[in-house]
Amino acid sequence: MTKYDPKRIESKWQKKWEKMKTFQARDFSEKEKYYCLIEFPYPSGEGLHVGHPRSYTAMDIVAKKRKMQGYNVMFPMGWDAFGLPAENYAIKTGVHPRAATEKNIANFTRQLKSMGFGFDWSREINTTDPQYYKWTQWIFLKFFEKGLAYKAKMPINWCPTCKIGLANEEVVDGKCERCGAGAEKRDKEQWMLRITEYADRLLKDLESVDYLERIAKQQVDWIGRSEGAEVEFGITNSELRIRVFTTRPDTLFGATYLVVAPEHEIIKNLASGPLRVYDPVRSETTGRRPGGESRVKNQGEVRKYVEAAKGKSDLERSELAKEKTGVELKGIKAINPVNNEEISIWVADYVLPTYGTGAIMAVPGHDQRDWEFAKKYDLLIREVITGGDIEKQAYVGDGTLVNSDFLNDKLVPEAIGDMTKWLEKRGMGSYQVNYKLRDWVFSRQRYWGEPIPIINCEKCGHVPVLEKDLPVTLPDVEKYQPTETGDSPLAAMDKWVRTKCPKCGGPARRETDTMPNWAGSSWYFLRYCDSKNKKSFADSEKLKYWMPVDWYNGGMEHTTLHLLYSRFWYKFMYDLGLVPTDEPYLKRTSHGLILGEDGEKMSKSRGNVINPDEVIKKYGADVLRIYEMFMGPFDQPVAWSTQGIEGVNRFLNKAWMIFTHQIEMIKLFEDRGEKPIRAKEDQLARQLHRTVKKVTDDIEKMRFNTAVAMLMTFLNEVTSQAEKVGEEAQVWYYLDRDDTRDFIKLLAPFAPHLAEELWQKLGHTESIFESDWPGYNEELVKLEEIELVLQINGKVRDKLNVPADISEEKAKKLALESEKIRKWLAGKKPKQVIFVAGKLVNIVV
RNA sequence: GCCGCUGUGGUGGAACUGGUAUACACGACGGACUUAAAAUCCGUUGGCUGGAUAAGCCAUGUGGGUUCAAAUCCCACCAGCGGCACCA
């Protein structure tokens, strides 16, 4: 008998599968299609992380099972290769991101191929390939054409020392990661995508797809729909107005002050000096002087506060909520439209510019944050809803209205409706649906991304690059560092920047911003359907055949951004008639992170990184695959265990030993024209049927850990029933050809190399993945006999072996006859006897 | 801070819609084989009382509740993890 040698069999089958095109998907096959998708990796310099194979193995198991179930399966792979790390590496070393990326991809490819995944490599894509990003740019132009791409002034992180824009990740504790100087917010003209236009549908259509509950929940919350009213407050001695959004227009009589975000335009507009207005065509800011406005008296103080807020992140601003700060805009007052009361206006950084209108009406009596703020600054707290004690804290519950004129004695829901109507009638406000979701900042002032295909012409404004001129390729630059003006390094490439306007032919300048990493990943699953198409992003017939994705697995960390962005792009394309359905993914699941042995996130600096290459070298890919599935519940984070992997190694060695032996024995019998013995047939056969059922079901529910446990249990059963038979006292495992075949099939998606090798030893010439998935007999799965539990007051007192289908009457009778039960009853009369079929009898005394 | 999730032996975890808590695996301990070690095989293994493989009590983060019955449902609290829009 040969020893289990994963190295030999794994590379052997990997080569064979590639040669035989075993896992290639066929366009327009008559079989039903099944599209399995995993998030394509960013090919980092560190190589494959043991976390990657967790998701890939899971979907690989699904894909292989589906193939055996007769589907035409597509399970593609590609590279999400634009991104910050390659660029920062380039800044440090001068190595072109393209070169670094190519090298990393080669390494990733080697690593992935050594795992035995059934990827269809013929469809491989790479977001940094001009033939790919040509279509990313093309889709952007569609957004531009439809008015969903626009420019707006948005804050970026800015390091005043390095004079460059920073990604959020590069700001650590409010400081620039490179030099340690305090990072600031700085306004910059940015390309935006109007995702909010789709907020409604992104929310509603979640009902039509099968996403894991917590994934759908997180999306719903991220979109954050709320109904309420927008209310307009006038300002004393001014034509300016402040609009606020509130979900509680019923409390308007209790609004005793307003709070605006430090970024709110009213602050600039009420300051002395010219009103600054940005001219998008000329890319500059010009001054305009508003006439006869009132002025804030404590401008110095306000300006200082606004400046300080620039150095804080949104996170800090809301985190500091315990100690809320603010400054009153002295000398001006707002007018409450319902009662013409003059109320003070404050600026406070706990109000964020990005939500609602960037201004709120404060109702300290009925909002806890407002209440704390009012207590601190000694502002009026007025009760307008009964039911609480506003001296102690804000009352946020239901109740009837008081101190509210025409709303008095009404209940909250009615008051909301009445107030909204009242405001609408007088033009002071309106019913409004508000979303937390914000438009998507689509510009990056970076090198390693898709150039935004826009040409800025002095005469014509923003002009799209002609379709025939796509792709706008990334030019080589001398420096990868963003420029001191905050523009991308492309801005320094004068030759590249200077071009002609496609509309008027006059001199014009190229857009130098690039797209965010999310761009390429927002539509990659479409390109897989037709990855080599030169005429369009993908052939519409092929899209019709393959889309939508049947099952998409990825990380929880992508739930709100990537998942939402790609749904948005897809819906937009659906509206243009470019894709066949209105949702891209039928089913979405998530995997948990793999942590280091210390329970911490794996990272170089912690020194707890496990390299999959080393694991494969020591144990083989099949062991790594099964260990990653066995280590814990798939959707939860689990810590790596070097010891735990030993158990899986033993399991596969045992499987190899048992089956190579038994296959020889079966052949021996068959050669002699005898039927192999299958004594104890009943027990083992029933166990096998149970195993088939459990593994079949568990894969669908992504409960891979219990599926593996079941495979182990079966093997334990096989060994425990083995006997020595014959003259040479050979071990006999009581498995005939059919049993052996079925078990190997169950093992195949988990340990494809081992299973394929055993399959061949059984005498098959075609791949095991061309065979069919085993079925089971529901009758044989059922237990014949059960252990009936006898309880008294819910405590187990005795157990009886009885037929599984025992009747209620008989079970109760047996229970009361039990000696132990009689002892516990001690002559007392049972009050109640409860019978649970197939489980227990509980006697209540 | 906001949103989402998790908490069960020495460890990773199992327990389907409330119904035998601790499957499977790791580790530990004892034994077999071996000159020895590794590997392999067999046995024991939640805690406490007990000579016991007799009997019993206590255990699913903490405190309460619902129920004949709670790891599972409800309320409050504690701890940890993920996301928070320019990391991907």
Side-chain angles (χ1 to χ4, degrees), chain A residues 39 41-42 44 80 82-85 88 154 156-157 165-171 190 195 213-215 217-218 220-222 224 313-322 350 354 369 436-446 516-518 521 555-562 564-565 590 592-593 595 599-601 627 630-633 635-648 650-651 653-654 657 694 697 701 703 705-706 708-713 716 719 786-796 799 830-834 836 838-845:
Chain A
E39 285 160 353
Y42 173 75
S44 76
D80 188 14
F82 276 127
L84 213 50
N88 283 338
M154 292 301 288
I156 60 165
N157 299 309
L166 301 171
N168 280 351
E169 199 195 39
E170 297 170 301
V171 181
Q190 312 253 42
I195 189 172
E213 202 182 311
R214 61 189 171 132
I215 297 175
K217 249 188 197 162
Q218 260 194 40
V220 167
D221 182 70
W222 189 258
S313 66
D314 285 4
L315 211 60
E316 285 173 284
R317 282 165 58 164
S318 37
E319 195 158 24
L320 291 171
K322 280 173 202 151
Y350 77 90
T354 44
R369 285 197 307 184
K436 272 193 204 144
L437 184 70
R438 322 203 285 252
D439 276 344
W440 174 4
V441 182
F442 201 68
S443 285
R444 300 290 184 271
Q445 292 74 44
R446 295 283 181 165
N517 195 268
W518 308 109
S521 61
M556 229 21 225
E557 69 276 19
H558 292 289
T559 304
T560 45
L561 301 180
H562 159 67
L564 208 60
Y565 290 155
S590 273
L593 235 59
L595 308 170
E600 301 281 327
K601 211 168 172 172
Y627 174 62
F630 183 62
M631 63 195 298
D635 59 350
Q636 296 297 319
V638 230
W640 185 268
S641 163
T642 305
Q643 281 176 337
I645 202 165
E646 286 290 350
V648 173
R650 281 176 208 155
F651 166 62
N653 271 290
K654 195 167 143 188
M657 199 270 294
K694 177 98 178 131
D697 294 350
K701 293 181 201 146
R703 298 156 67 117
N705 54 335
T706 51
V708 173
M710 193 66 183
L711 293 171
M712 288 173 169
T713 306
N716 289 346
T719 1
I786 55 148
E787 208 170 45
L788 186 74
V789 170
L790 307 183
Q791 297 181 325
I792 289 184
N793 292 338
K795 290 205 169 179
V796 182
K799 292 171 187 180
K831 255 195 252 166
Q832 198 186 347
V833 182
I834 290 155
V836 181
K839 291 256 154 74
L840 53 79
V841 174
N842 186 17
I843 300 165
V844 188
V845 290

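Atom set for the values below is all heavy atoms of this structure, side chains included, hydrogens, waters and symmetry mates excluded. Sequence lines set the chain letters: A, B, ... in the order given, protein chains first and strands last, and positions in each chain run from 1.
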Quiz item: What form does the base of B/rG9 take, syn (within 90° of 0) or anti?
Solution: syn
Quiz item: Counting any heavy atom closer than 4.0 Å, what does A/Val789 reach on the DNA or RNA strands: base, sugar-phosphate only, or nothing?
Solution: base
Quiz item: Does A/Lys436 place a side-chain N or O at less than 4.0 Å from the phosphate oxygens OP1/OP2 of B/rC3?
Solution: no
Self-check item: Whole-Å distance separating the CG atom of A/Asn88 from the P atom of B/rC86
Solution: 17 Å
Practice problem: Quick one: label A/Val796 by what it contacts on the DNA or RNA (base, sugar-phosphate, nothing), any heavy atom closer than 4.0 Å. | Solution: sugar-phosphate
Quiz item: Say you draw a straight line from CD1 of A/Ile645 to CH2 of A/Trp640; how long is it, rounded to the nearest 0.5 Å?
Solution: 4.5 Å
Practice problem: For A/Ser641, answer base if it contacts any base atom (sugar-phosphate contacts may also be present), sugar-phosphate if it contacts only those atoms, and nothing otherwise; contact means non-hydrogen atoms under 4.0 Å. | Solution: nothing
Self-check item: Side-chain N,O (A/Arg650) to OP1/OP2 (B/rG27) below 4.0 Å
Solution: yes
Quiz item: Across the strands shown, which category fits A/Asn653 at heavy-atom distances under 4.0 angstrom: base, sugar-phosphate, nothing?
Solution: nothing
Quiz item: Has the side chain of A/Asp221 got a donor or acceptor that lies under 3.5 Å from a partner of the other kind on the base of B/rC3?
Solution: no
Quiz item: How many angstroms lie between CD in A/Gln791 and CG in A/Leu840, if you round to the nearest 0.5 Å?
Solution: 5.0 Å
Quiz item: Given B/rC86, B/rG82, B/rG13, which nucleotide is nearest the side-chain atoms of A/Tyr565?
Solution: B/rC86
Quiz item: Quick one: A/Phe651 CZ to B/rC41 P, roughly how many Å, whole number?
Solution: 13 Å
Quiz item: Between A/Met556 (CE) and B/rG82 (P), how many Å, whole number?
Solution: 13 Å
Quiz prompt | A/Glu39 side, atom CD; A/Asp80 side, atom CG - distance, nearest 0.5 Å | solution = 9.5 Å
Quiz item: Which dot-bracket notation, 5' to 3', represents the base pairing of RNA chain B when pairs are defined as Watson-Crick or G-U with both distances under 3.5 Å, crossing pairs as [ ], and inter-strand pairs as |?
Solution: (((((((..(((......[....)))((((((.......))))))((((.....))))..(((((..]....))))))))))))....
Quiz item: Is A/His558 touching bases, backbone alone, or none of the nucleic acid, heavy atoms closer than 4.0 Å?
Solution: base
Practice problem: With rounding to the nearest 0.5 Å, note down the distance linking CG in A/Asn88 to CZ in A/Arg446. | Solution: 6.0 Å
Quiz item: How far does CG of A/Asn793 sit from CG of A/Asn842, to the nearest 0.5 angstrom?
Solution: 7.0 Å
Quiz item: Contact class for A/Lys694 vs. all strands (heavy atom < 4.0 Å): base, sugar-phosphate, or nothing?
Solution: nothing
Quiz item: Is A/Glu787 touching bases, backbone alone, or none of the nucleic acid, heavy atoms closer than 4.0 Å?
Solution: base
Quiz item: So what does A/Leu561 touch, heavy atoms closer than 4.0 Å: a base, only the sugar-phosphate, or nothing?
Solution: base
Exercise. Could you check how far CD of A/Glu600 sits from P of B/rG80, rounded to whole Å?
Key: 11 Å
Exercise. Have a look at A/Ser443 and say if it touches a base, only the backbone sugar-phosphate, or nothing, with a 4.0 Å heavy-atom cut-off.
Key: base
Practice problem: Could you pick out which residue, A/Pro41 or A/Trp222, lies toward the 5' side of RNA chain B when each is mapped onto its nearest nucleotide? | Solution: A/Trp222
Quiz item: Could you give the NZ-to-P distance, from A/Lys654 to B/rC24, as a whole number of Å?
Solution: 11 Å
Quiz item: Under 3.5 Å, is there a donor-acceptor pair between the side chain of A/Asp439 and the main chain of A/Ile195?
Solution: yes
Practice problem: Would you indicate what A/Gln190 reaches in the nucleic acid, counting non-hydrogen atoms under 4.0 angstrom: base, sugar-phosphate, or nothing? | Solution: base
Self-check item: A/Asn705 side chain near B/rC24 phosphate (N/O to OP1/OP2, under 4.0 Å)
Solution: no
Quiz prompt | Rounded interatomic separation in angstrom, taking CG from A/Asn157 and C1' from B/rC87 | solution = 13 Å
Quiz prompt | Toward the 5' end of RNA chain B, by each residue's nearest nucleotide, A/Leu595 or A/Ala639 | solution = A/Ala639
Self-check item: Spacing of A/Leu711 atom CG and A/Phe651 atom CZ [to the nearest 0.5 Å]
Solution: 5.0 Å
Quiz item: Which is true for A/Ile645 with a 4.0 Å heavy-atom rule: it touches a base, it touches only sugar-phosphate, or it touches nothing?
Solution: nothing
Quiz item: Is the backbone N or O of A/Ser641 less than 3.5 Å from a side-chain atom of A/Tyr627, with the two atoms forming a donor-acceptor pair by type?
Solution: yes
Quiz item: Can you check the A/Met631 CE to B/rG27 C1' distance for me, whole Å?
Solution: 16 Å
Quiz item: Distance check: side-chain N/O of A/Arg703 vs OP1/OP2 of B/rA14, anything under 4.0 Å?
Solution: no
Practice problem: Pick base, sugar-phosphate or nothing for A/Glu646, based on heavy-atom distances below 4.0 Å to the nucleic acid. | Solution: nothing
Quiz item: How would you label the contact of A/Glu557 with the nucleic acid (heavy atoms, under 4.0 Å): base, sugar-phosphate, or nothing?
Solution: base
Quiz item: Parallel, tilted or perpendicular: which fits the ring planes of A/Trp518 and A/His562, with parallel below 30° and perpendicular above 60°?
Solution: parallel
Quiz item: Taking OP1 and OP2 of B/rA25, is either one under 4.0 Å from a side-chain nitrogen or oxygen of A/Asn716?
Solution: yes
Quiz item: Within the pair A/Lys795 and B/rC58, is there a side-chain N or O less than 4.0 Å away from OP1 or OP2?
Solution: yes
Quiz item: Under the side chain to side chain contact (heavy atoms under 4.5 Å, CB included) test, which residues partner A/Gln832, sequence neighbours left out?
Solution: A/Ile834, A/Val844
Quiz prompt | Interatomic distance, A/Ile215 CD1 vs B/rG83 P [rounded to whole Å] | solution = 15 Å
Quiz item: So does A/Arg214 get a side-chain nitrogen or oxygen closer than 4.0 Å to the phosphate oxygens (OP1/OP2) of B/rC5?
Solution: no
Practice problem: Give A/Lys217 one of three labels, base, sugar-phosphate or nothing, depending on what nucleic acid heavy atoms sit under 4.0 Å from its own. | Solution: sugar-phosphate
Quiz item: Taking the side chain of A/Gln643 as its heavy atoms from C-beta onward, which of B/rA25, B/rC26, B/rC86 lies nearest to it?
Solution: B/rC26
